[in-house]
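To keep things clear, I will list the structure first and then write my remarks on it.
Predicted, not measured: the structure shown is a model, and the values here were computed from it.
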Amino acid sequence: MFRNSQTLIYALILFVFIGCNDNKQSVDSIIIANRIYTSNTTFEIAESMAITNGGIIAIGTKEEITAKYKSNSVKTFEGFLYPGFIDAHSHFHGYGITLNKVDLRNTFSMQEVVDKVVAFGKEYPENWITGRGWDQTDWTVKSNPNNVMLNAFFPNRPVLIRRIDGHAGIANAKALELAGITTNTKVIGGTIEVVGGRLTGLLTDNALDLVKKVIPPPSLAANISALKKAEKNCLDAGLTTVTDAGLDLETILLIDSLQKLGELKIRVYAMANPSKENFDYFTENGRISTPLLQVSAFKLYADGALGSRGAKLKAPYCDDEDNTGVWVTNPQIIDSMCDVLNTINFQVATHCIGDSANRKVLEIYSKYLNKDDDKRWRIEHAQVVTPADRPLYQNSNIIPSVQPTHATSDMPWVQDRLCANRVDGAYAYKSLLGLNGWLPLGTDFPVEEIYPLHTFYSAVYRQNTDQKPLGGFLPKEALSPKEAIHGMTIWAAKANFMEHNIGSLETGKYADFVVLDTDILYEKYMLKTEVLETYIAGNKVN
């Protein structure tokens, strides 16, 4: 009797278990981790997610999710999950192109730059030599950038090598000849350096375009290769979405076609360059919006870069007293383009480095915006902003979009450019955050490295990867760890009008996430963190 009763009880328990299990909803996958940082408004922490058709249908504790859902794919991670990182300002396609050119980063003299160009030229013996990455502020052997050695090694082969920021470059004599540049050539919004009656080869901003126009464009195969190489590196770094700040129509349509063919998986928010072709196309056809590609913004260019003394300043450069920088685009033209873009309801994002450029563009934006607008017009970089001008961001609901690694890269020489009394208005991320309550973060790669973890470290600790300076550069402008994560996730998504689909791990959004081996929120020495896996729409992509 006892045995029969015991058997009956086991049968009832099994029946209840099977019945309860049958009531569970089947999903494509269940994710379990030590911590899942949702990056939602209240920065909630979860332990598990249920995913179906690439989207999150539930998120909560492990017990909550496993009690309601079942799956043949249950993944348990020992690491820490964050929303897929979003770079709010990069040059995704341009970065890919640089992977097929001579890499001049981490060079410390003109001689070292030339040595790398010569080695590259031997490996690739045909056509133009182009490259990017030199930075004379890093040179231990101080000299003025010029083309003397390039002319000696390449008398008959054209060479153009651009500075790290892309706003200056050195062209050898053959390249200058092909571009038709002489000592009498004039250009608006750029400089052609002439010393002692001869061209030095140093060009800045719009002067570079004279040379770039005669360089044969990359082939279709080269462009596809560049995009795929860039994607791989981005996914390995934990990036699931990139904002490409300035693309031609041909590249935008190529990205769209590769995504639709499944050849590119990364999400892209593409800003269109202000070309006639782009204006005509998007005026007629409107925005592009697919699950992987959104085009609803134009990238305009106000001034140059601080490192090459092209940023437009209110007062002269402290190390170049006759120079206040350049307008890459005349402010009246910027105004007219803003008028058109406002009419066709496109977001405007304008490159502004210097305090004069920031002030002028803020004034132009204010003609078309008010505090209650949600057009999210952006100032890209917002690098030097006079404190008295900052309320203009708030008064017209204008979004500063910043790159924290610029601060820690520029800090060795920025005081030379601005003097001690003007540095306080630069790289003011905490102050800019306080204006509208949110701040998208990016890298500007390939000007900087592509790694979002470097963005986090620079934003929070205000130090470079050598952990210098002690105490941080302008430390009062540091962001909190949570603010930095928001800047790389939900705020970056919001700057791109994508926050309803990505940027946080919440029900109804795509399951874009990254798995890290370190809890970067609390580990100060997090630069050794490894990106273990990256997922887009619930699928592993690296």
Side-chain angles (χ1 to χ4, degrees), residues 31-51 55-65 77-88 238-241 267 376 399-402 404 429-442 451-462 477-527 529 531-536 538:
I31 304 297
I32 301 169
N34 287 338
R35 288 192 186 94
I36 298 175
Y37 289 105
T38 64
S39 198
N40 64 3
T41 304
T42 55
F43 212 83
E44 292 176 303
I45 300 173
E47 297 174 320
S48 185
M49 296 185 293
I51 299 169
I56 301 169
I57 65 168
I59 186 166
T61 66
K62 176 181 176 181
E63 289 74 17
E64 289 171 339
I65 299 303
F77 297 104
E78 294 300 321
F80 304 88
L81 267 67
Y82 292 83
F85 295 131
I86 302 170
D87 196 309
L239 288 165
T240 55
T241 301
R267 301 188 199 279
R376 304 182 198 178
I399 309 307
S401 171
V402 301
Y429 306 142
K430 190 75 168 186
S431 297
L432 293 172
L433 169 61
L435 299 175
N436 294 312
W438 59 288
L439 186 71
L441 305 181
Y451 307 115
L453 294 176
H454 289 187
T455 297
F456 178 89
Y457 191 78
S458 292
V460 174
Y461 301 108
R462 305 284 291 197
E477 295 294 350
L479 303 180
S480 73
K482 289 182 180 179
E483 289 166 349
I485 292 297
H486 271 147
M488 297 157 54
T489 56
I490 189 62
W491 291 343
K494 185 177 179 181
N496 294 349
F497 294 94
M498 302 170 85
E499 76 273 19
H500 297 299
N501 294 319
I502 60 172
S504 59
L505 299 175
E506 299 181 80
T507 301
K509 294 191 176 185
Y510 288 114
D512 293 2
F513 60 92
V514 60
V515 186
L516 306 181
D517 70 344
T518 302
D519 192 344
I520 63 173
L521 211 66
Y522 299 106
E523 175 57 61
K524 178 175 181 180
Y525 301 102
M526 44 67 64
L527 285 173
T529 298
V531 177
L532 301 178
E533 296 183 17
T534 304
Y535 288 75
I536 294 177

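Between Asn40 and Phe43 the shortest heavy-atom distance is OD1-N, 2.8 Å. In this structure, Ala492 and Pro440 approach most closely via the heavy-atom pair CA-CB, 3.9 Å. Residues Thr241 and Met498 come closest through the heavy atom pair CG2-CE, 4.3 Å. When every heavy atom of Val460 is checked against every heavy atom of Pro481, the shortest pair comes out as CG2-CA, 3.8 Å. Considering every non-hydrogen atom in both Ser401 and Ala88, the closest pair reads OG-O, 4.1 Å. Here the shortest heavy-atom pairing between Arg462 and Ala478 reads CG-CB, 3.7 Å.
In this structure, CD1 on Ile59 lies 10.5 Å from CD1 on Ile31, to the nearest 0.5 angstrom. Atoms CD1 and CG, from Ile399 and Asn496 in turn, are 11.5 Å apart once rounded to the nearest 0.5 Å. Note: Ile502 CD1 to Ser39 OG = 11.5 Å, rounded to the nearest 0.5 Å. Rounded to the nearest 0.5 Å, atoms CG (Leu433) and CH2 (Trp491) are 4.5 Å apart. Distance check, rounded to the nearest 0.5 Å: CG of Leu441 to CD1 of Ile86 gives 11.0 Å. Rounding to the nearest 0.5 Å gives a distance of 6.5 Å between OH of Tyr522 and CZ of Arg35.
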Evaluate side-chain contact (heavy atoms from CB on, under 4.5 Å) for Phe77 paired with Leu532, printing each intermediate quantity in order.
-> CA-CA 10 Å; Phe77 297 104; Leu532 301 178; over 6 Å; no

For the pair Glu483 and Tyr429, evaluate side-chain contact (heavy atoms from CB on, under 4.5 Å) and give the outcome as yes or no after the intermediate values.
-> CA-CA 11 Å; Glu483 289 166 349; Tyr429 306 142; over 6 Å; no

Verdict with reasoning, Val531 to Leu516, per side-chain contact (heavy atoms from CB on, under 4.5 Å) = CA-CA 5 Å; Val531 177; Leu516 306 181; 3.8 Å; yes

Intermediate values then yes/no, side-chain contact (heavy atoms from CB on, under 4.5 Å), Asp87 and Thr455 | CA-CA 9 Å; Asp87 196 309; Thr455 297; 5.6 Å; no

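In this view, Tyr82 and Tyr37 satisfy the ring pair (Phe, Tyr, Trp, His ring centres under 6.0 Å) rule, not counting sequence neighbours. Judged as a side-chain contact (heavy atoms from CB on, under 4.5 Å), and not counting sequence neighbours, the contacts of Leu527 are His454, Tyr457, Thr465.
Screening Thr534, Thr240, Thr489 for a side chain to side chain contact (heavy atoms under 4.5 Å, CB included) with Phe85, the sole residue that qualifies is Thr489.
Between Ile520 and Ile485, some side-chain heavy-atom pair lies under the 4.5 Å cut-off. Between Ile536 and Arg267 the shortest side-chain heavy-atom distance falls below 4.5 Å. Val514 places none of its side-chain heavy atoms less than 4.5 Å from the side chain of Glu533. Looking at Glu523 and Asp519, their side chains never come closer than 4.5 Å, going by heavy atoms from C-beta outward.
Looking at Glu64 and Ser48, their side chains never bring a donor and an acceptor atom within 3.5 Å of each other.
Between the side chain of Ser504 and the backbone N or O of Glu506 there is no donor-acceptor pair closer than 3.5 Å. Using a distance-only test at 3.5 Å, with no hydrogens or angles considered, no donor-acceptor pair links the side chain of Lys482 to the main chain of Leu521. Side-chain atoms of Glu47 come within 3.5 Å of backbone N or O of Lys62 as a donor-acceptor pair. No donor-acceptor distance shorter than 3.5 angstrom exists from the side chain of His500 to the backbone of Lys509, with no hydrogens or angles considered. Listed for the Thr518 side chain is no donor-acceptor partner under 3.5 Å among the backbone atoms of Met526. A donor-acceptor pair is defined here as one N or O able to donate and one able to accept, closer than 3.5 Å; such a pair exists between the side chain of Arg376 and the backbone of Lys494. In this structure, Asp517 contributes its side chain and Gly79 its backbone to no donor-acceptor pair below 3.5 Å.
Enclosure of atom OH in Tyr451 is not indicated, since only 12 or fewer non-hydrogen atoms of other residues, nucleotides or ligands lie within 6.0 angstrom.
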